[in-house]
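Order of the sequence lines sets the chain letters (A, B, ...), proteins ahead of strands, with each chain counted from 1. All of these numbers come straight from a predicted model, not from anything done at the bench.
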There are 2 protein chains.
Amino acid sequence: MTQPVLNASTNTISNDIYQLIRADIINGKFQPGEKLQIKPMCALYQVGNSPLREALTKLAATGLIVQQNQRGFRIPQVSRKDLEDICNSRIHIEVAALKMAIAKGDDHWEAQILAQYHQLQKTQQQALVDKAQWERRHTRFHNALIEACDSPSLLGFCNILHDQFDRYRRLAPADANIRAELDEQHRKIMLLSIAREESEAGELLAQHIKLSAKAAMAMFPK
Amino acid sequence: MTQPVLNASTNTISNDIYQLIRADIINGKFQPGEKLQIKPMCALYQVGNSPLREALTKLAATGLIVQQNQRGFRIPQVSRKDLEDICNSRIHIEVAALKMAIAKGDDHWEAQILAQYHQLQKTQQQALVDKAQWERRHTRFHNALIEACDSPSLLGFCNILHDQFDRYRRLAPADANIRAELDEQHRKIMLLSIAREESEAGELLAQHIKLSAKAAMAMFPK
DNA sequence: ATTTAATAAAATATCGATATTATTGATTAA
DNA sequence: TTAATCAATAATATCGATATTTTATTAAAT
């Protein structure tokens, strides 16, 4: 009796394209407020009507797209209020998940944090930083921190918020000083987590999220 | 210059059917683990292929359905572990939202809580309680409590968790004693919230959620 | 000029048919 | 028997075409 093997089965077009569009939105390939018309999108991604719509529907459910009845799909507008909401919720939920992970994490959890941090470091030390790779590894590092929280629902919410947050982060110009401080925070969060310093790690993660949002926040008037 | 009027526009079939299927799942019209085949579902809901799939895709994104690549959709299995996760996350997020609402809520918020509580009461006092109506009003009451939290993302997560939680609740047999205590908790939560007793209201809501889950939890071995 | 109405154009949402993939059942080999 | 292979059946996912709804354009009216 073999296990159902999760669903490593063949990917669907709908699913492939969902991932593609998701990445493109986060990476700012579309403007805030931009209309995503069906026919042009089909042409752009080389797929048919149905799988495209399924992908957009799914993205709408995670807040990376907004859907209006009979009026199609568009990229959400950006605003200070929205960013503040995402930022606050992310702090609230991700910090809770980190504390739970610190309470429950095992050797494998610790090892994964170290592994992902190492990979992130390696990417940063390259002469010409591969932006897409950095994004992927940065996400993986943050996920590794909370993975042991043992709560699928919280992990799901963290992913949703992370995606929305990243769209804002990539919208803002990079700042070398802030970047350096963020990197240092990564290191400290890693060490504090593995040292099981629950509240200190949580507090630092909260600060880290706030600092990550700083550049994007500056784009909006108070 | 007229406002875009939200999207009160014509509903789509996809959207109508999404709401219908969502309600049917929460109300236990399908068995845990049951396969949702496309053709039979089209026949059952009297709609075509595409809008059905879009509705199912959306439901999968909120966790009320699971999707497997190339193997369609099914109702999620139930388990103690899953229920515990949903219950804990709901406590964590909904209590936070309540506290924020208590901090920020205005007259309108207070009035809405009173109004929704009153409606819920009225439904309960009927000779023959209309189950569907009670569910609707119960959801509205809980939403009214947290609505003023001013966080769209937290409200969204609360809705997702509420739906998943309700499926479990409706799975378990009703217990008159527990029901009476839950009703009394509603009253107290309402009063404490309007009295701005932040931490007491939060604590009671947490207990309320735990007690709501009690009957369902008893269905699973420890 | 600015709104209102009617028409044309464009876009969305939906249908019905089909290709692709998974599942079932039968057949053969170990 | 059990396992493995292949064909048949059934189900999913996708395509292409069409009906419905929205948006843009033009003409008429205040």
Practice item. Examine the side chains of B:Lys131 and B:Asn27 and answer whether a donor and an acceptor come within less than 3.5 Å of each other. Key: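 Judged by distance alone, the side chains do not pair up.
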
Check your understanding: Using a distance-only test with no angle check, is there a side-chain donor-acceptor pair under 3.5 angstrom linking A:Tyr45 and A:Asp24?
Key ->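 A pair is found: one side chain offers a donor N or O, the other an acceptor, under 3.5 Å apart.
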
Study note, to complete from the structure: Each nucleotide of nucleotides 8-19 of chain D classed B (base within 4.0 Å of a protein heavy atom), S (only sugar-phosphate) or -, in 5' to 3' order, makes ---SSBBB-B--

Check your understanding: With sequence neighbours excluded, what pairs up with B:Glu147 under the side chain to side chain donor-acceptor pair (under 3.5 Å) test?
Key ->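 Checked B:Glu147 against side chain to side chain donor-acceptor pair (under 3.5 Å); zero matches.
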
Practice item. Answer yes or no: is there an ion pair linking A:Arg80 with A:Glu84, defined by an N-O contact shorter than 4.0 Å? Key: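 So A:Arg80 pairs with A:Glu84 through a salt bridge.
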
Check your understanding: Mind checking whether A:His186 and A:Tyr117 have ring centres under 6.0 Å apart?
Key ->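 No, they do not, as the ring centres are separated by 6.0 Å or more.
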
